[in-house]
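Everything below concerns the one structure shown next.
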Number of protein chains: 2
Amino acid sequence: MTPRTPRPRERGIPEATVARLPVYLRALQGLNERGTPTVSSEDLAAVAGVNSAKLRKDLSHLGSYGTRGVGYDVDYLIYQISRELGLTQDWSVAIVGIGNLGRALANYGGFGTRGFRIAALLDADAAVVGDRVAGLAVRHIDTLEDVVRGEDVAIGVIATPAAAAQGVCDRFVEAGVTSVLNFAPVVLNVPPGVDVRKVDLSIELQILAFHEQRKSDGHAADRAERTGSPT
Amino acid sequence: MTPRTPRPRERGIPEATVARLPVYLRALQGLNERGTPTVSSEDLAAVAGVNSAKLRKDLSHLGSYGTRGVGYDVDYLIYQISRELGLTQDWSVAIVGIGNLGRALANYGGFGTRGFRIAALLDADAAVVGDRVAGLAVRHIDTLEDVVRGEDVAIGVIATPAAAAQGVCDRFVEAGVTSVLNFAPVVLNVPPGVDVRKVDLSIELQILAFHEQRKSDGHAADRAERTGSPT
DNA sequence: ACGCCCTTGTGAAAGCACGCACAAAGTGGG
DNA sequence: CCCACTTTGTGCGTGCTTTCACAAGGGCGT
Ligand SMILES: NC(=O)c1ccc[n+]([C@@H]2O[C@H](COP(=O)([O-])OP(=O)(O)OC[C@H]3O[C@@H](n4cnc5c(N)ncnc54)[C@H](O)[C@@H]3O)[C@@H](O)[C@H]2O)c1
Ligand SMILES: NC(=O)c1ccc[n+]([C@@H]2O[C@H](COP(=O)([O-])OP(=O)(O)OC[C@H]3O[C@@H](n4cnc5c(N)ncnc54)[C@H](O)[C@@H]3O)[C@@H](O)[C@H]2O)c1
């Protein structure tokens, strides 16, 4: 027995790595569908759009699953990443706010394919409650607690207007949900131990606008000098 | 020319800061609507969900817009951040792929309010082309180049199935678009100078699942031991 | 069986990002 | 006019992330 365990990988995977594992997973699944049996870090990195050294370091946090001189076994790596991400079990998801976005999410097929099950759709509007969306009846928001417990909801998705989001979030947390995905443009306040991730369209557009402006700034002088005609 | 300029703040704002400016902006607009004339870094940071030192350092990259002993003038700071992000001009956006998600995006009111104008909706499906969505007629994908040039599209949004995304992206780039927002679950390949941002639902869920699994792992033993009855 | 060649896994270094803590700067009261 | 108080702007230490570069490891051809 080794008295002082070298601890080749302890239970801490860097957050930046976790965020990239799903990208690798998708790239691997693409390779798998095309029948590729093994892949080198160089090739996989190219498909995933990252630096190969980064890819190798990321994977090294999971263990030594590669073969030197050959690369990684695609099937095996898919399994290992899936296991690490917790995709070998099914997660129940509840969506609150069945408007434009909520309906799109509910109708989106990409959930079920990867271990996520839409367990329930909830809304506050009586005109919406009872509608059938993607094969599920929309339930009233008042049943949230029952739904969370009954369906063992692990992840709550919030697609309500901004004003309602914090309230819905509080109810999710109260009912025991510790992972929330928020589409409403507000900063949610949650107690420690609860994870919130946000998807914010406006922020993405504004970041793009910032860089777009920079590009024009840099060349504006050149362009203005050269051009006599309006843009 | 001065070889070593002191350069109090050069034209480089850290990417992490850029990503937070939209959050600050939204927080400030919220304060503005409630009539708050000035705000301290402490208070604004609380609303924006960040550390106050980080907020101050972020804002310091734009310039010295605060008043010691008082705080920041809300209106003025809104203006400065908007200007820095390039929101004082209007940006034309074209959405390709008018399915579940594309329709939700088109119907989303949050665009126009902040300097983004939906200039065109495009799709390849003859059954969809001609539909009126959010007051715009869906145009055929073949007109993409005309639309980009005619409407001066600065940002292309891709909401097609994954298989079509790279092709649409190439056409955007070819037509001169240098900012792309991608909702399809693929890594887009673009030449240097083109910015791509992606919004990927599955990745967010998988990251949540990872942490959720960790939480259970840690406490699973405890819980299983202790629990016979529900809480 | 052996050695060549390819690819992994990982030290080490450089680059960012974060947050503390405090001097500088400005306000408002006396 | 001056002082006490508040809050900004930032220097600095710390930790995380990325990237380079290469030794160690393993397959494959001969
Ligand atoms: N549509 C988009 O493309 C888009 C893009 C980015 C962000 N968002 C954000 O996503 C959210 C939803 O957008 P949307 O376009 O679907 O809005 P929407 O108005 O179409 O839908 C909102 C739904 O939430 C329901 N709702 C309201 N209050 C509720 C409550 N307290 N509990 C439960 N349900 C409640 C409403 O009945 C409605 O069905 C908004 O916060 C919006 O800012 C939407
Ligand atoms: N719906 C969601 O909530 C959701 C969530 C996450 C990701 N996504 C992704 O967003 C994308 C769109 O999802 P969706 O649910 O709206 O799909 P959808 O099938 O409802 O819509 C796709 C649309 O794209 C059009 N299209 C196909 N090929 C095209 C081409 N070459 N040029 C132009 N248009 C083309 C189709 O005609 C269709 O109208 C997909 O890549 C999906 O994976 C969707």
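By convention in this document, chain letters (A, B, ...) are assigned in the order of the sequence lines, proteins followed by strands, and residues within each chain are numbered from 1.
Salt-bridge formation is not detected for the pair B:D90/B:R117: no Lys NZ or Arg NE/NH1/NH2 atom is positioned less than 4.0 Å from an Asp or Glu carboxylate oxygen. A salt bridge does not link A:R171 to A:E174: none of the charged side-chain nitrogens sits closer than 4.0 Å to a carboxylate oxygen.
Nucleic acid contact for B:A53: base, since at least one base atom lies under 4.0 Å from a heavy atom of the residue.
For B:E151 and B:S92, the side-chain atoms include no donor-acceptor pair closer than 3.5 Å. Between the side chains of A:S179 and A:D195, no donor N or O sits under 3.5 Å from an acceptor N or O.
Residues B:G69 and A:K57 both approach DNA chain C. Their nearest nucleotides, taken by heavy-atom distance, put A:K57 toward the 5′ side.
Sorted by residue number, the members of residues 23-45 of chain B with any non-hydrogen atom under 4.0 Å from DNA chain D read B:S40, B:S41.
The local environment of OH in A:Y108 is crowded, with over 12 non-hydrogen atoms from other residues, nucleotides or ligands closer than 6.0 Å.
Side chain of A:P14, nearest nucleotide from C:dG19, D:dT17, D:dG9: D:dT17. Comparing atom distances between the A:Y72 side chain and each of D:dT17, C:dG9, C:dC18 picks out C:dG9 as nearest. Closest approach to the A:R56 side chain among C:dG19, D:dA21, C:dT27 is made by D:dA21 (side chain taken as heavy atoms from C-beta onward). Closest to the side chain of B:R68, from the set C:dT8, C:dT10, D:dT8, is D:dT8.
Side-chain atoms of B:Q29 never come within 3.5 Å of backbone atoms of B:I78 as a donor-acceptor pair (strictly under, hydrogens ignored).
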